[in-house]
Protein chains: 2
Amino acid sequence: MQMVRSSTHNFLKALSNEKRLQILEWILTPRDHFPEQQDGDLVEDGVCIKFITDKIALSQPTVTSHMAVLAAAGLVTSKQIKNWVFYKPDRSAIQAAMKSLRDGLDV
Amino acid sequence: MQMVRSSTHNFLKALSNEKRLQILEWILTPRDHFPEQQDGDLVEDGVCIKFITDKIALSQPTVTSHMAVLAAAGLVTSKQIKNWVFYKPDRSAIQAAMKSLRDGLDV
DNA sequence: AGTCTCTATCGATGTTTAGCAATATAGAAG
DNA sequence: CTTCTATATTGCTAAACATCGATAGAGACT
């Protein structure tokens, strides 16, 4: 299948931005980087975009847009609770993308 | 060391471009993609930039610039023979970059 | 010496990306 | 029901990137 190339490309594009890579790393080990949340579990539900915005030196619209890119690449999923939105890494998608990349570079 | 992040970032930036990813994949298995060369062995010496330019739908300056990006990221090395320039993947650098990325995403 | 080929550099251009302020929307909380 | 908070959307700007044509330099080949 030739679909591998385009999904690998999306993965690389999404992570080629330093801020997005940083955010993804943070939410992969959320308890190391974020305070406990009232209305959603850091691991089960994901990290509230508000906390990400507070931690990274960027405006809220910019963070929203970065999260949309990560979601479009399938690397994170989002869930709304009340008026908060939580982002959680999709670990199996990340693994699959890593495998595609590795296979493409036949390392 | 915090150097890992920036080298991972360079790796991702370099490969986030579809043409560069394509080229790297081609030169990783050069015998599958390029004709035999007179003045340099496809595997030992690398692929002549001329053949890459002929194969990909891009101008010669654009290809030169893409190769420079790959070289700056440490993913390829170049060698001049007569007035040809050959590019060869640096497999151990590629493997190291993959490992850094995997570790960063703790997959 | 003159010409041809290959690669690099320069300069210009169009496109994409990252970023923000302002605004809209929807829910929470008084 | 008004106000506050969280997120999304819009519209804009500045910077980065991809690309090309033109040109330069270095080597090969008459």
Side-chain angles (χ1 to χ4, degrees), chain A residues 6 9-24 27 34-42 45-73 75-88, chain B residues 5-6 9-24 27 34-40 42 45-73 75-88:
Chain A
S6 100
H9 181 234
N10 288 340
F11 170 71
L12 291 167
K13 273 288 265 320
L15 296 189
S16 68
N17 178 286
E18 221 157 10
K19 304 289 174 52
R20 284 192 295 265
L21 180 60
Q22 171 79 93
I23 291 171
L24 185 60
I27 70 177
F34 298 98
E36 213 42 59
Q37 304 168 150
Q38 298 212 329
D39 280 286
D41 182 76
L42 279 178
D45 303 305
V47 180
C48 178
I49 204 175
K50 180 58 163 51
F51 287 117
I52 299 172
T53 303
D54 288 348
K55 191 177 175 71
I56 208 165
L58 292 174
S59 73
Q60 174 266 315
T62 298
V63 174
T64 292
S65 138
H66 280 320
M67 299 317 293
V69 172
L70 290 173
L75 302 177
V76 303
T77 56
S78 68
K79 155 194 281 193
Q80 181 159 5
I81 302 179
K82 294 182 178 172
N83 58 339
W84 289 277
V85 176
F86 299 87
Y87 280 92
K88 182 164 91 152
Chain B
R5 154 154 283 94
S6 99
H9 182 236
N10 288 340
F11 170 72
L12 291 166
K13 272 292 263 322
L15 296 189
S16 68
N17 179 284
E18 220 158 10
K19 305 291 174 51
R20 284 192 295 264
L21 180 59
Q22 171 77 94
I23 291 171
L24 185 60
I27 69 176
F34 298 98
E36 212 43 59
Q37 304 169 150
Q38 299 213 328
D39 281 285
L42 280 175
D45 302 305
V47 180
C48 178
I49 204 174
K50 180 57 165 49
F51 287 117
I52 300 172
T53 303
D54 287 349
K55 193 177 175 72
I56 208 166
L58 291 173
S59 72
Q60 173 266 313
T62 299
V63 174
T64 291
S65 139
H66 280 320
M67 299 317 294
V69 172
L70 291 173
L75 302 178
V76 302
T77 56
S78 70
K79 155 195 284 193
Q80 182 159 4
I81 302 180
K82 294 182 179 172
N83 59 337
W84 289 278
V85 176
F86 298 87
Y87 280 92
K88 182 163 90 155

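Just so you know, these numbers use all the heavy atoms, side chains as well, and skip hydrogens, waters and symmetry mates. First the proteins, then the strands, lettered A, B, ... as listed; each starts at 1.
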In whole angstrom, give the distance that lies between atom [atom1] of [X] and atom [atom2] of [N].
X: B:Q38; N: D:dA28; atom1: CD; atom2: P; result: 13 Å
X: B:L70; N: D:dA18; atom1: CG; atom2: C1'; result: 14 Å
X: A:I56; N: C:dC20; atom1: CD1; atom2: P; result: 10 Å
X: B:L21; N: D:dA18; atom1: CG; atom2: C1'; result: 16 Å
X: A:D39; N: C:dG27; atom1: CG; atom2: P; result: 15 Å

Find out whether [X] and [Y] are in side-chain contact, i.e. whether some heavy atom of one side chain is under 4.5 Å from a heavy atom of the other.
X: A:L15; Y: A:L75; answer: yes
X: A:I27; Y: A:K88; answer: no
X: A:T62; Y: A:K19; answer: no
X: A:T53; Y: A:L58; answer: no
X: B:Y87; Y: B:L70; answer: no
X: A:W84; Y: A:Q37; answer: no

For A:Q38, I'd like to know if atom CD has over 12 heavy atoms of other residues, nucleotides or ligands within 6.0 Å.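 Open: at most 12 neighbouring heavy atoms sit under 6.0 Å from CD of A:Q38.
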
Readout for nucleotides 1-8 of chain D: B = base within 4.0 Å of protein heavy atom, S = sugar-phosphate only, - = neither; 5' to 3' it is ----BSBB

Between protein and nucleic acid, restricted to nucleotides 14-19 of chain C and to nitrogen or oxygen atoms under 3.5 Å apart, what atom pairs and distances do you find?
| residue | atom | partner | partner atom | Å |
| --- | --- | --- | --- | --- |
| C:dT17 | OP1 | A:K13 | NZ | 3.1 |
| C:dA18 | OP1 | A:N17 | ND2 | 2.8 |
| C:dA18 | OP1 | A:R20 | NH2 | 3.1 |
| C:dA18 | OP2 | A:R20 | NH1 | 3.2 |
| C:dG19 | OP1 | A:K19 | NZ | 2.9 |
| C:dG19 | OP2 | A:H66 | NE2 | 2.6 |

B:K79: side chain to side chain contact (heavy atoms under 4.5 Å, CB included) partners, not counting sequence neighbours: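 So B:K79 forms a side chain to side chain contact (heavy atoms under 4.5 Å, CB included) with B:D45, B:I81.
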
